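Since the model is a prediction, treat every value here as computed from it, not as a measurement.
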Amino acid sequence: LTGQAQILPGNLDLLILKAASLGPLHGYGILLRIEQISRGALLIEQGALYPALFRLVRQGLLKPSWGTSDNNRRAKFYELTSSGRKRLRQETKDWNRLVTAIASALGTQPEEV
Amino acid sequence: MKVVAFLRSLASGLLHRSQMEGEMDEELRAHIANRADDLERSGLPRAESERRARIEFGGQERYKEECREERGGVWLESLWSDVRLGLRTLAKSRGFSALAVLTLALGIGANAAIFSMVNALLLHPYHFRDLDALVRMWEDRGIDEGYDARYIAPADARELSTHNEIFESVTTYEMRSFSLGAGSEIQPVLGCRVTANFFDVDIALPVSFAISRAMTSLIFGIVSMDVTILAGFTALLFLVALGAGYLPARRAMRIDPMIALRYE
């Protein structure tokens, strides 16, 4: 578990939207998908996923529906809605801008000032 | 879209509460079971896998509570339980509740009565048809002989009425004091002398005039003359306020501070 970064609360929503954008998933599937696409570099407390999922459903960004998982368990699947897709695009843009700004600030050398 | 999702979440939270609770339980349990399956596949014994899956998940009850909050409708539920608590508390101390209701009723009643008078007399005194076309005329005799002298005499008004092309009709009125009574019971009465075509100008005029006059005398009747009514109301309000302040204070004094602290 070493080498994993704790994620900030707001970033979990963004990661969930991204994971769901790759296809409908149940809660545990979203967790695995985030682990997979972040190459295991992020530490997510598993239970914290669910309040975030309920929040995104309330905001109309995810649509829940009950189905059967591949191991034959009844599971609640989450699917990205069209406003969820829009939000994902916007937040990705904002995130990239933030990261670029902070990276360039942190990368500043004394002679550049 | 967002509003619809919010309302759907709120409605399902309120209407299908037990169903939502069941589904949330099932969802979290399925997550832990899935996790346990994966851990078992990696070589752990089943019991150990389940234990580890539960630990990794974290505090279930805490997350369930957070889920309920995120679902929305929590404020409505807590509002409802607040209302129930308030009603229970009121039912427990009947005397205080009755006093509070009485105080409110008297306050609201007095306010409503005074406002309806102010509203009728000061804010909307008359309801005339074609109010813009209604004017009051004074006679200018060149010299100021006082207020009464500028009234137009009825005969002059009739003359004006037939020989002008400006006004549709002209009417006159004159406020007068009359003495009304029989034998020794004589009372001063405020009256109004009008010309015969007074009612032609506008039927609303005399009606509203009469009503507002009647109401004026009603108010002034209470305020200026009937001291007993005024004193009675003051005393009643004073008693109610005294009771509302004194009774709870006396009850509070009887409580032992130690018991109150432990109760909290």
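Options Gly58(B), Ala33(B), Gly59(B) differ in how many heavy-atom pairs under 4.5 Å they form with chain A, and the most are formed by Ala33(B). Between chain B and the residues Gly29(A), Pro51(A), Ala48(A), Gly27(A), the largest count of heavy-atom pairs under 4.5 Å involves Pro51(A).
For Arg46(B), the CZ atom counts as densely surrounded, since its 6.0 Å shell holds more than 12 non-hydrogen atoms of other residues, nucleotides or ligands. A 6.0 Å sphere centred on CH2 of Trp66(A) holds more than 12 heavy atoms belonging to other residues, nucleotides or ligands.
Within the 4.5 angstrom heavy-atom criterion, only side-chain atoms of Leu31(A), from C-beta onward, approach chain B.
The NZ atom of Lys76(A) lies 9.0 Å from the CG atom of Leu28(B); values are rounded to the nearest 0.5 Å. Atom-to-atom distance recorded for Arg35(B):CZ and Gln46(A):CD is 5.0 Å, nearest 0.5 angstrom. With values rounded to the nearest 0.5 angstrom, Glu27(B) atom CD is found 5.0 Å from Phe54(A) atom CZ.
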* To do: Would you sort out whether Asp37(B) and Arg73(A) count as a side chain to side chain contact (heavy atoms under 4.5 Å, CB included), showing the intermediate values?
  => CA-CA 12 Å; Asp37(B) 287 354; Arg73(A) 275 208 185 86; 2.9 Å; yes
* To do: Give the C-alpha distance, both sets of side-chain angles, the deciding distance and a yes or no for side chain to side chain contact (heavy atoms under 4.5 Å, CB included) between Asn34(B) and Leu32(A).
  => CA-CA 11 Å; Asn34(B) 279 327; Leu32(A) 292 182; over 6 Å; no
* Asked: Can you list the steps and then say if Glu45(A) with Tyr63(B) is a side chain to side chain donor-acceptor pair (under 3.5 Å)?
  -> CA-CA 11 Å; Glu45(A) 208 184 351; Tyr63(B) 288 125; 2.7 Å; yes
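The side-chain hydrogen bond (donor to acceptor under 3.5 Å, both in side chains) test with Tyr50(A) singles out one residue from His31(B), Gln60(B), Lys64(B), Glu70(B), and that residue is His31(B).
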